[in-house]
Novice: 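One structure is given below, represented as structure tokens, and several questions about it will come after.
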Amino acid sequence: MRDAYHEELDSIGEGLVDMARLVGSAIGRATTAILDADLKLAESVIAADEKVDDLQRDLEARAIALLARQQPVATDLRIVVTSLRMSADLERSGDLAQHVAKLARLRFPERAVPRDLHATILEMGQLAQRLMAKAAEVIITKDVDLALQLEQDDDAMDLLHRALFQHLMDDRWKHGIETAVDVTLLGRYYERFADHAVSVAKRVVYLVTGEHADELAAQTDPAGGTGRIEGT
């Protein structure tokens with residue numbers, strides 16, 4: 001019975017990895033769709049989000065069943081509860097990728113992103129995909145140091161987001177209000193996607209250590225490791 005129980009816990013973790021990989025792929029394909037005005041690709045991203053939703057519902061059902069049957073405590077309880085929260089982050093990430101694809105579909109056959117902003121949006125899309133790939137690796141490895149790095153990596157997304165707004169506020173902006181709204185929304189979608197990847201990593205930190213990531217980061221030693229303060 002215990003073997004079956006732990007296999008079920010492991011399968012929940014595998015489901016989270018599958019979700020992370022799916023939404024990471026989705027944001028990459030949605031970025032291509034928005035930049036290339038590729039309607040077929042946009043439609044495929046929109047349709048594929050149902051698989052992410054199905055995985056989230058299945059994972060939630062299994063986690064709740066485990067809570068009811070096994071009444072886990074301590075670390076096992078933390079795994080189940082944290083997994084539920086991570087699945088919610090990943091499902092929302094899939095929705096954000098879908099939003100990007102829906103914007104590409106809405107503006108087709110026109111391009112939603114002006115040529116002079118293609119490089120910035122491409123970089124945001126690629127960074128979002130890398131962050132989610134790293135989040136998936138963190139789920140697999142339970143590497144606390146790697147998890148804590150994600151928040152630092154997210155600083156690059158924040159810089160890109162600010163650069164996008166600076167471009168929109170420039171007096172030389174010539175693409176009109178509708179395009180400005182589209183670009184503003186896109187910037188927000190990518191920024192929030194990255195936030196969810198960071199949130200997943202933070203939840204892994206809590207799962208492994210029982211401490212919140214912000215508290216653990218405050219204990220980081222000068223050499224850059226995650227050693228605890230002596231006596232704690």
Side-chain angles (χ1 to χ4, degrees), residues 16-35 41-42 45-46 48-49 52-53 55-56 82-104 112-113 117-168 181-207 212-214 216-217 220:
L16 290 170
V17 173
D18 288 343
M19 287 182 71
R21 287 172 173 166
L22 282 172
V23 300
S25 173
I27 199 67
R29 292 183 295 119
T31 300
T32 300
I34 198 81
L35 293 177
L41 184 58
V45 173
I46 294 165
D49 188 57
V52 175
D53 293 343
L55 280 171
Q56 198 267 342
T82 303
S83 295
L84 284 168
R85 291 173 176 168
M86 284 193 284
S87 73
D89 277 313
L90 294 168
E91 190 274 333
R92 292 185 191 114
S93 299
D95 288 345
L96 290 163
Q98 188 184 58
H99 291 339
V100 175
K102 284 183 174 179
L103 185 55
V113 180
L117 285 177
H118 269 217
T120 302
I121 295 298
L122 177 60
E123 190 172 354
M124 292 180 86
Q126 291 174 338
L127 178 57
Q129 192 169 6
R130 289 198 302 273
L131 284 168
M132 192 55 74
K134 188 174 282 190
E137 185 178 352
V138 167
I139 296 170
I140 295 168
T141 63
K142 307 295 188 294
D143 186 328
V144 171
D145 288 322
L146 184 63
L148 293 173
Q149 286 174 19
L150 252 80
E151 191 159 15
Q152 297 175 5
D153 295 341
D154 183 49
D155 290 343
M157 183 66 82
D158 294 336
L159 288 173
L160 287 168
H161 196 207
R162 285 197 289 272
L164 204 60
F165 268 98
Q166 289 171 357
H167 200 100
L168 289 168
V181 171
D182 288 348
V183 171
T184 300
L185 287 172
L186 280 173
R188 181 61 173 163
Y189 296 154
Y190 287 115
E191 189 263 342
R192 289 298 298 144
F193 187 99
D195 285 347
H196 284 302
V198 171
S199 180
V200 167
K202 284 183 172 182
R203 295 190 195 285
V204 172
V205 171
Y206 177 70
L207 188 157
H212 294 289
D214 293 340
L216 195 61
T220 301

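Since the structure is predicted, the reported quantities are computational estimates derived from the model, not experimental observations.
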Novice: Determine the minimum heavy-atom distance between Ser87 and Leu84, stating which atoms define it.
Specialist: OG-O, 2.8 Å
Novice: Please tell me if the side chains of Asp154 and Met157 come closer than 4.5 Å, counting only heavy atoms from C-beta onward.
Specialist: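 Answer yes - side chains close enough.
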Novice: Quick check for you: to the nearest 0.5 Å, what is the distance between Leu164 atom CG and Leu159 atom CG?
Specialist: 12.5 Å
Novice: Is there a donor-acceptor contact under 3.5 Å from the side chain of Ser25 to the main chain of Arg21?
Specialist: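 Pair absent, no side-chain N/O of Ser25 close to backbone of Arg21.
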Novice: Answer whether the closest heavy-atom distance between the side chains of Thr120 and His167 falls below 4.5 Å.
Specialist: no
Novice: Could you tell me if the side chain of Tyr190 sits less than 4.5 Å from the side chain of Leu160, heavy atoms only?
Specialist: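 A side-chain contact is absent here, since even the closest heavy-atom pair is not under 4.5 Å.
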Novice: On a heavy-atom basis, which atom in Gln98 and which in Asp49 lie closest, and how many Å separate them?
Specialist: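 Result for this residue pair: NE2-CB, 3.5 Å.
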Novice: In Å, rounded to the nearest 0.5 Å, how long is the span from CG of Leu150 to CG of Asp195?
Specialist: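 The distance works out to 11.0 Å.
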Novice: Just wondering, do Met86 and Met19 contact through their side chains at under 4.5 Å, heavy atoms?
Specialist: no
Novice: Looking at every heavy atom in both Ala97 and Val45, which two are closest together, and how far apart are they?
Specialist: O-CG1, 4.0 Å
Novice: Do Phe193 and Leu131 make a side-chain contact, defined as non-hydrogen atoms from C-beta onward lying under 4.5 Å apart?
Specialist: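 Not in contact.
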Novice: State whether the number of non-hydrogen atoms from other residues, nucleotides or ligands found under 6.0 Å of Arg85 atom CZ is greater than 12.
Specialist: no
Novice: Please report the closest heavy-atom contact between Glu91 and Val52, naming both atoms and the distance.
Specialist: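 Between these two residues, the closest heavy atoms are CA-CG1, 4.2 Å.
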Novice: With Gln126 as reference, evaluate Arg130, Met124, Gln129 under the side chain to side chain contact (heavy atoms under 4.5 Å, CB included) test and give the passing residue.
Specialist: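 Among the candidates, only Arg130 passes.
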Novice: Contact between Leu16 and Ile139 at the side-chain level, heavy atoms closer than 4.5 Å - yes or no?
Specialist: yes
Novice: If every non-hydrogen atom of Val100 is compared with every non-hydrogen atom of Ala30, which pair is closest and at what distance?
Specialist: CG1-O, 3.6 Å
Novice: So, taking the atom named CG in Leu117 and the one named CG in Asp182, what distance separates them when rounded to the nearest 0.5 Å?
Specialist: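 It is 11.5 Å, given to the nearest 0.5 Å.
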Novice: With rounding to the nearest 0.5 angstrom, report the NE2 to CD1 distance, His99 to Ile34.
Specialist: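 These two atoms lie 12.5 Å from each other.
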Novice: How close do Ile27 and Gly125 get, counting heavy atoms only, and between which atoms?
Specialist: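 Closest approach of Ile27 to Gly125: CG2-O, 4.3 Å.
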Novice: Supply the atom-to-atom distance Tyr189 OH to Ile121 CD1, rounded to the nearest 0.5 angstrom.
Specialist: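 Interatomic distance, Tyr189 OH to Ile121 CD1, rounded to 0.5 Å: 12.0 Å.
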Novice: How long is the straight-line distance from CG of Leu96 back to CD of Glu191, given to the nearest 0.5 Å?
Specialist: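 Here the rounded value is 10.0 Å.
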Novice: Return each pair, listed once, that meets salt bridge (Lys or Arg N to Asp or Glu O under 4.0 Å) where at least one residue sits in residues 132-141; pairs must be two or more places apart or across chains.
Specialist: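 Non-adjacent pairs meeting salt bridge (Lys or Arg N to Asp or Glu O under 4.0 Å): Lys134-Asp153.
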Novice: Whether Asp95 and Arg92 form a salt bridge (side-chain N of Lys/Arg under 4.0 Å from carboxylate O of Asp/Glu) is what I want to check.
Specialist: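 Salt bridge: no.
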Novice: Kindly indicate whether the side chain of Leu90, heavy atoms from C-beta on, has any atom under 4.5 Å from the side chain of His196.
Specialist: no
